[in-house]
Each structure stands twice: as structure tokens, then as C-alpha cells.
There are 2 protein chains.
Amino acid sequence: MSSVELVTTGSELLSGRTVNTHAQTLAEKLRPFGLKLVRDTTVSDDLTAIAEAVRGALSRVDLVFVSGGLGGTSDDITREALAQIVGGQLVLYPEALASLEQRYAKMGRPVTDVARRQVLILERSEGLLNPVGIAPGMMIQVPSALVGGTSRSREREQELPPTNPKTLFVLPGPPREFVGVLETGVLPRLGKLGLPVCQALENLWECTGLGETEIAERLEKIGLPTPEIEVGYCAAMGQIEVRLAAAPEHAALLAEKTAAVRAALGAAIYAETRIGLEEAVGRLLATQKKTVAVAESCTGGLIGHRLTTVAGSSAYFLGGVICYSNESKVRDLAVPRELIERHGAVSEEVARAMAEGVRARFGSDCGVAVTGIAGPDGGTAAKPVGTVWIAVADAAGTAARLRCFPTTREHVKLWSSQQALDLLRRRLQGGAPDTPRAPGLPGW
Amino acid sequence: MSSVELVTTGSELLSGRTVNTHAQTLAEKLRPFGLKLVRDTTVSDDLTAIAEAVRGALSRVDLVFVSGGLGGTSDDITREALAQIVGGQLVLYPEALASLEQRYAKMGRPVTDVARRQVLILERSEGLLNPVGIAPGMMIQVPSALVGGTSRSREREQELPPTNPKTLFVLPGPPREFVGVLETGVLPRLGKLGLPVCQALENLWECTGLGETEIAERLEKIGLPTPEIEVGYCAAMGQIEVRLAAAPEHAALLAEKTAAVRAALGAAIYAETRIGLEEAVGRLLATQKKTVAVAESCTGGLIGHRLTTVAGSSAYFLGGVICYSNESKVRDLAVPRELIERHGAVSEEVARAMAEGVRARFGSDCGVAVTGIAGPDGGTAAKPVGTVWIAVADAAGTAARLRCFPTTREHVKLWSSQQALDLLRRRLQGGAPDTPRAPGLPGW
């Protein structure tokens with residue numbers, strides 16, 4: 001696989017304000033072309049830092065992406081930084097200017113200088129129209145001779161045969177525009193660059209219910225990794241991705257180990273493609289032609305939100321009740337008031353009644369309920385912050401699960417939604433036994 | 001302000017699977033110490049790449065953070081990469097080992113080699129206990145002489161007086177553990193490093209309802225930026241942050257321009273601190289002692305989820321109905337069936353009835369409703385994907401807002417929730433007029 005680097009510009013990405021999603025997007029889009037992102041350097045809106053980072057990237061790899069700093073405001077200086085490397089003037093890009101003028105005319109507004117600055121490109125570049133915004137991207141062929149910015153890179157160039165020229169793609173920073181220009185301007189041009197393509201074989205498993213160490217130990221027992229097969233892990237809240245990768249010549253060994261991984265991880269695997277639990281659950285519901293409704297207390301709507309991020313979810317998701325008060329649990333879900341008084345709102349009894357109540361109200365095949373203590377207040381010795389009761393009601397009865405994961409409010413909510421979707425998944429799979437664990441233990 | 005760099009390790013951050021949040025977290029935590037993150041270099045789990053990136057960072061700044069690769073699995077190689085730079089062996093960190101053994105004993109599991117590998121530290125480091133996980137962090141004093149990995153950095157060292165030694169903090173990769181070690185191990189040690197601290201003055205505004213270009217034009221009219229005052233922008237979905245920053249000696253000019261910005265942006269400003277719209281709305285509700293309930297169709301629970309991410313939201317958020325089907329709108333919100341039949345589920349009439357219906361059911365002061373077409377299917381010529389009707393009902397009556405933002409399902413949902421929270425905010429502020437815009441225009 002050819003290596004690619006990304007230079008992300010933008011002080012907001014280093015100020016604590018914004019999470020940088022470009023590396024993720026780019027890697028995903030480049031993968032099918034056999035291109036591997038090996039480094040992302042994020043620098044602030046500083047002319048020298050941007051130029052230095054781009055020079056460094058060009059000295060290491062043949063294909064470099066730069067994002068951000070193409071707007072019209074005073075902190076948008078990427079064009080000027082690149083002009084320091086490749087030289088030449090900034091010129092108006094006529095097609096982008098025309099589209100800008102059209103857009104402003106529709107809104108009945110005059111085209112100002114701030115707006116016009118956005119459609120400047122380097123004269124030595126090819127402009128890439130922005131399908132969802134104003135600022136166009138650029139493709140620049142950079143002669144290797146211009147890239148020797150550091151003595152280190154000059155050494156490397158002497159060692160390696162120079163690939164001439166190198167290619168620089170420049171993309172706007174707002175995520176929608178980054179993706180837009182990437183899809184319409186960059187991807188169609190990639191094939192013509194003549195980069196060596198060698199797609200590694202990869203299998204992956206999305207798992208929930210096992211910790212990373214537990215999974216690594218199970219994989220060690222089946223002899224993974226091997227010198228030929230690379231193992232990768234990625235842990236998120238309540239979820240682990242396991243990947244095996246190998247060169248095409250080791251396909252047979254990879255197939256053998258793939259079967260062994262499936263057996264070793266069993267019911268913890270919820271998907272073999274890169275989808276979230278909400279999509280895995282959605283596929284089960286769609287296949288089984290079942291419907292679901294949710295009763296959400298501490299998750300506040302997050303489970304409904306996650307289920308409805310999946311296109312077509314209206315086929316199986318009927319809706320739900322966000323019962324953030326005891327009144328709502330009684331009125332909207334027919335939870336007997338004495339259950340709440342006797343056991344508390346966060347209890348197995350109330351969770352079961354909520355799941356059954358929402359199933360009855362919506363006439364759905366499955367009812368999912370969550371009631372817990374998200375914190376930071378409201379915890380007690382017996383029921384600390386992070387205590388969550390989850391229940392799923394269906395035609396076969398009602399299952400309940402107690403979990404405790406003492407952490408921040410945000411994580412308790414996210415993790416509770418994960419646990420609830422997982423219990424629903426296991427029920428739909430007619431699946432693996434699910435033993436409640438005591439509070440205080442790690443949350444898996 | 002002293003400059004700081006971060007080197008983030010982890011192939012998963014470059015594979016398209018995971019979004020890197022460490023830069024954001026680190027910048028936020030370091031800001032009060034007058035430390036500014038100027039670069040984040042993300043590299044894959046490759047010994048040479050990690051060592052080279054850390055050497056590069058140490059050659060540019062005096063304080064470097066490294067994250068990730070401290071687990072016990074085969075792709076965790078950060079310790080080995082750092083040993084290449086500072087030398088020395090890996091040794092077991094006794095306190096972390098004791099805590100690990102305790103933890104495993106509680107779970108009734110033996111301590112395996114995979115687990116034990118996590119508590120190795122460099123012998124030339126000080127271990128930083130991990131309050132929420134197993135792998136400890138490290139603090140390493142690196143003699144400047146060891147950092148001259150590139151001739152470039154040697155040149156720089158000759159130019160500048162060497163600050164000896166440089167400091168390297170190494171933190172685990174999982175976000176909770178990164179924050180945990182940062183807070184308990186790193187921050188308490190920062191004051192003792194003797195770094196020059198000079199906190200710039202900064203004012204910021206969180207805005208919604210105006211685009212970035214529109215804001216930049218208004219700021220140009222009041223003479224911003226100036227040579228003394230830096231202006232920064234950060235655009236997210238339906239939201240723009242505007243920042244003014246200046247050195248302490250320009251406090252008077254900053255105050256003058258701050259007043260001018262407030263006047264220029266007016267009701268578009270929803271906060272002057274870095275909070276989300278859900279928190280701004282929550283503060284208004286809490287101050288005015290009002291309650292709210294939500295009726296969510298296309299947002300699927302996202303508004304409830306956002307409102308309940310705010311600690312203490314149970315004081316004003318009563319709950320809501322996720323009415324993802326027409327049946328639910330009629331049954332749970334008393335929307336007249338003939339309204340849906342005559343005008344369609346996505347219409348002003350139905351949005352108003354939903355807001356009034358949820359307000360009546362929950363007995364809340366305010367009712368918020370959203371009904372729209374999230375896509376990718378379901379759009380028509382008259383109501384394309386992205387068409388959303390929003391309504392807020394309160395004691396003064398019911399306001400409705402039509403918006404159209406044709407984009408992805410995820411963004412339509414996010415942006416609709418933003419529009420709904422903003423309409424609620426403007427109602428609570430007794431505020432600015434809010435003119436519906438026609439479909440087809442940009443979504444602001």
C-alpha cells in the first residue's frame with residue numbers, strides 16, 4: 001500500500017474547541033484505493049508552521065493532503081503557506097467565482113471581498129470545485145526539487161529514487177466540504193496518479209461484552225499475532241474492534257485464523273463489518289420483521305437517537321417515551337406508582353415495568369427500557385452514580401440486566417445505551433446467556 | 001505562552017475507525033496553565049515513526065506529550081520507541097502492579113503476562129498512576145543532548161539557549177485514562193517545571209443563526225482584526241464560535257472591541273463561555289424556573305439527549321415523546337389525524353399540534369416539537385430531504401419555524417436539534433424576531 005500523509009491546519013483544532021475528524025474521513029475514503037494514511041500533523045494557523053509541516057510530509061511520502069484555512073477570514077492562510085513552497089501568485093478561479101456569484105444572487109446579497117477571497121487558488125494548481133460550499137480545493141504537482149526543505153529529506157532523496165513530481169491535494173476545512181471536494185474532486189483523479197496499489201487483506205470484528213485484555217488473551221491462546229498476521233485493536237465505550245491484516249500471499253493462514261477468532265470471541269461479536277451496534281440491531285429487527293419502542297430515563301433519548309441514525313429505521317422503530325420524571329413513568333408507561341415507592345426509580349422492578357409498558361403502549365414486538373443514575377449527583381452507597389438497570393420485553397418475556405460503570409455523566413449515558421442495545425441484540429439472536437454483574441465491578 | 005506538542009500514537013486513529021480527541025482534551029486542560037498546544041502529530045503503531053515524531057517534537061518545544069500504545073497487546077510499542085530515545089530498560093512499576101493484582105483478585109482472575117506488560121515503565125521515568133485503568137503514565141526528563149535527532153534541531157539548539165532538560169509526559173490512549181492520568185499525574189507537576197507562563201486575554205462568543213462569512217463581514221465593519229487583536233473562528237453544525245485574543249497590554253482596546261462585537265452580533269450570540277446551546281437553554285430554564293418537554297419525530301430523541309447531557313437537567317426537563325410514527329403523534333400527542341392527512345406529517349400545522357400536545361401531556365411550561373425529512377429517502381419536490389418544521393409552545397402561544405438544510409441524515413438530525421433549541425432560546429429570551437426562511441436556501 002502507498003503511504004499518504006495529512007496536514008490539518010486550524011487553531012481551533014488545537015484550542016480544545018473542536019475535534020479533528022479529517023484523518024478518520026480521509027483514511028476511510030482512501031482505503032479502497034490501497035492508500036494508507038500514516039501520519040496526520042495538525043498545526044495552528046501559522047504560516048511558518050504550515051509550510052514546514054507540508055514540506056516535512058512531502059519529504060516522506062509522494063501523496064500529501066492539506067486541509068483547512070481556505071475560507072475568506074483573516075485566519076485562513078493555507079494558500080499563502082503553500083505559495084511559499086511551490087511559488088506563484090493567487091488567482092481567482094473563474095468557475096468557483098461564477099458559482100459564488102450565483103449563490104449570492106439567490107440570497108439577494110452582494111459579493112463582498114471576504115467572500116471573493118475564498119475562490120482564490122494558486123496559479124500552479126488545478127482547482128477542484130466545492131459541491132457543498134464556496135472555497136474550492138486544489139491539486140498541485142510539486143517537483144521533488146522544491147521539497148528538499150530539511151537536510152533529512154535531502155538524505156532520503158539520495159537514498160531513494162526520486163518519484164517526480166509529488167502530489168498535493170488541498171481541501172477545505174469544514175467537514176462537509178472536506179468530504180464533498182474529496183469525493184467529487186480527489187477520488188476521481190487518484191487512479192491517474194500511477195501510485196503503486198497493494199491492498200492488504202483485512203478481517204474485522206466489532207465486539208461488545210469483553211474487555212480488550214480479555215480479547216487479547218483469547219487471541220494469544222489461538223496463536224495470534226503471527227509474523228504474517230498483524231492484529232489491531234480499537235476500544236471505544238463498551239465496544240472493541242479487532243482486526244487481522246495480512247498480505248495477499250498469506251490468505252490461507254488468514255482464513256484459518258479468522259475461523260479461530262470467530263470461535264474464540266463467540267457471542268461477543270456483533271458484526272463483521274464496521275457498523276455500530278445500532279445498525280447491527282436494526283438489521284436484526286428488519287430481517288426478523290420486528291418492531292421496537294424505547295422507554296428512556298437516564299439516557300434521555302440517546303437510544304432513540306442512535307436507532308434513528310440508521311437510514312430506513314422507520315421500518316422497525318416506532319418511537320418511545322423519554323420518562324425523565326416519575327410522573328411520566330406512571331402516566332405514560334403505566335409503571336405502578338408503588339413499585340417506584342418501594343424499590344426506587346432505579347430498580348429491576350421499575351425497569352421491567354417500563355419495558356413492558358412501552359411495548360404495550362406502542363404495540364411493538366420489543367420494548368427496551370433504561371433507568372439509572374447518570375450523575376454527578378443522585379448516587380447513594382447502595383446505588384452509586386453509574387448504576388443502571390436495563391430491561392428488554394418481548395413475546396418470550398422480559399430480561400433485565402444490572403450494570404455499574406461509575407464515570408462521567410456523558411459516559412454513563414453512552415455506555416448505558418450500548419448495554420441496552422446489546423441486550424436487545426442478544427434477545428433478537430435468541431442468544432448467549434447474559435449474566436448480571438454486581439455493581440462495583442468494571443463495566444463490561 | 002509556552003508552546004507544547006502532542007504526539008498521538010495509534011493505527012486506529014489513522015485507519016478511519018476512531019476520531020482522535022486527545023488534542024482537544026489536552027488543549028483545554030493546559031490552557032489555564034498558559035500552555036498552548038501548537039502541534040499534534042498522529043502516527044501509526046510503528047517504532048521508527050513514533051521515535052522520529054517524538055524526536056521532532058522535542059527539537060521544537062520544551063514540553064511534549066505522547067499518548068497511546070501503553071496497553072499489553074502486541075500493537076502497544078510506545079515504551080520501546082521511547083527507550084530508543086532516552087535509553088534504559090523497561091521495569092515493572094511496583095505500585096501499578098499492586099493495584100493491578102488487587103483489581104484482578106476482585107474479579108477472581110489470575111494476572112496474566114498480557115496484563116502485566118501494561119505496568120512496565122522506563123527505568124529513567126517517574127511513573128504516574130492511572131486512576132481509572134491499569135497502564136500507568138510516565139514523566140521523563142530528557143537531556144537536550146539526546147534530542148538532536150535531526151540536523152535541523154541541532155541548528156536550532158545552536159541558535160537558542162538550550163533549556164535543559166526537556167520534559168516528556170507519556171499518557172495512556174483510552175480517552176478516560178488519558179484524562180485520568182492527565183488530571184492526577186500531570187497537572188499537579190506542571191507548576192514545578194518552571195515554564196514561562198503568559199496567559200493571553202481572550203473573549204469568545206458562541207453564535208447561532210449567522211454564517212461565518214456574515215459574521216466576518218460584520219467584524220470587518222467594526223475594524224477587526226487589528227494588529228493587536230487576533231480574531232479566530234470555528235464553525236460547527238449550526239453554530240459559530242468567534243474569539244478575540246490579545247496580549248495583556250492591549251486590554252483596553254480588547255474591551256472596546258468586545259463591546260462592539262456584542263452590538264454587531266446581537267441576538268445571534270447565545271453564550272459568552274464555551275458551552276453548547278443545550279446548556280445555554282438549560283440555564284435560561286433554570287433561572288426562569290420553567291420546565292420543558294419535547295416531541296421528536298425526525299430527531300428521534302436527540303433533543304432530549306442533548307438537554308440531558310447537562311448535569312441537573314432533571315430540574316427543568318420533564319421528558320418527551322419520540323413519535324416516529326403517525327400513530328404515536330395521534331395517540332401520544334393528541335395531534336388530530338385529519339391534520340396529518342390534510343397537510344402531511346411534515347407541516348406547520350402538525351408541528352404546532354405536536355408542541356402543544358406534548359406541553360399539555362407533560363404539563364410543562366414549554367413544549368418543543370420537530371418534524372422533518374431526515375432522508376436519504378422520503379423527500380419530494382415540494383418537501384425535499386432536509387425540510388424541517390419546528391415549533392415551540394408556551395404560555396404566550398406557539399411559534400413555528402421552517403428550515404431546509406439538504407444534507408446527510410446525521411447532519412439533518414443534528415442541525416434540526418440545533419434549530420429547535422435555538423427557537424426555544426429565543427422564546428425564553430423574549431427575544432429577537434425569527435423569520436421563517438424558504439426551503440432551498442442555505443440553512444442558517
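Order of the sequence lines fixes the chain letters, A, B, ..., with proteins taken first and strands second; residue numbering starts at 1 for each chain. The model shown is predicted, which means the values in this text are computed figures rather than measured ones. FYI, side chains are in, hydrogens and waters are out, and symmetry mates aren't considered; it's all heavy atoms of this structure.
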When only pairs under 4.5 Å are counted, which of [options] shares the most heavy-atom pairs with chain A?
| options | value |
| --- | --- |
| B/Gly300, B/Gly319, B/Gly173, B/Gly72 | B/Gly300 |
| B/Leu224, B/Ile215, B/Val321, B/Val38 | B/Val38 |
| B/Ala23, B/Gly71, B/Ser314 | B/Ser314 |
| B/Arg39, B/Glu230, B/Glu296 | B/Arg39 |

Presence of salt bridge, [Y] and [X], under 4.0 angstrom:
| X | Y | value |
| --- | --- | --- |
| B/Glu220 | A/Arg117 | yes |
| B/Arg306 | A/Glu410 | no |
| A/Glu327 | B/Arg361 | no |

Could you check B/Leu6, B/Asn20, B/Asp40, B/Thr8 and say which one makes a side-chain contact (heavy atoms from CB on, under 4.5 Å) with A/Thr42?
->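 Considering B/Leu6, B/Asn20, B/Asp40, B/Thr8, a side-chain contact (heavy atoms from CB on, under 4.5 Å) with A/Thr42 is found only for B/Asp40.
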Under 4.5 Å from any heavy atom of chain B - which part of [X]:
| X | value |
| --- | --- |
| A/Thr299 | backbone |
| A/Val310 | backbone |
| A/His22 | neither |
| A/Asp113 | neither |

Can A/Ser11 and B/Lys36 be said to form a side-chain contact (heavy atoms from CB on, under 4.5 Å), step by step?
-> CA-CA 10 Å; A/Ser11 296; B/Lys36 187 176 181 183; 5.9 Å; no
Can A/Lys413 and B/Thr308 be counted as having a side-chain donor-acceptor contact under 3.5 angstrom?
->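 A/Lys413 vs B/Thr308: donor-acceptor pair found between side chains.
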By a 4.5 Å heavy-atom criterion (distance strictly below it), what part of [X] contacts chain A: side chain, backbone, both, or neither?
| X | result |
| --- | --- |
| B/Asp332 | both |
| B/Arg176 | side chain |
| B/Gln118 | side chain |
| B/Arg409 | side chain |

Could you check B/Ile322 against A/Val294 for side-chain contact (heavy atoms from CB on, under 4.5 Å), going step by step and ending with a plain yes or no?
-> CA-CA 9 Å; B/Ile322 306 172; A/Val294 296; 4.1 Å; yes
OH/B/Tyr324 to CZ/A/Phe362 distance, rounded to the nearest 0.5 angstrom?
->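 Here the interatomic distance stands at 13.0 Å.
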Please check if the side chain of B/Ser325 supplies one atom and the backbone of A/Leu318 the other of a donor-acceptor pair under 3.5 Å.
->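 Such a contact is found between B/Ser325 side chain and A/Leu318 backbone.
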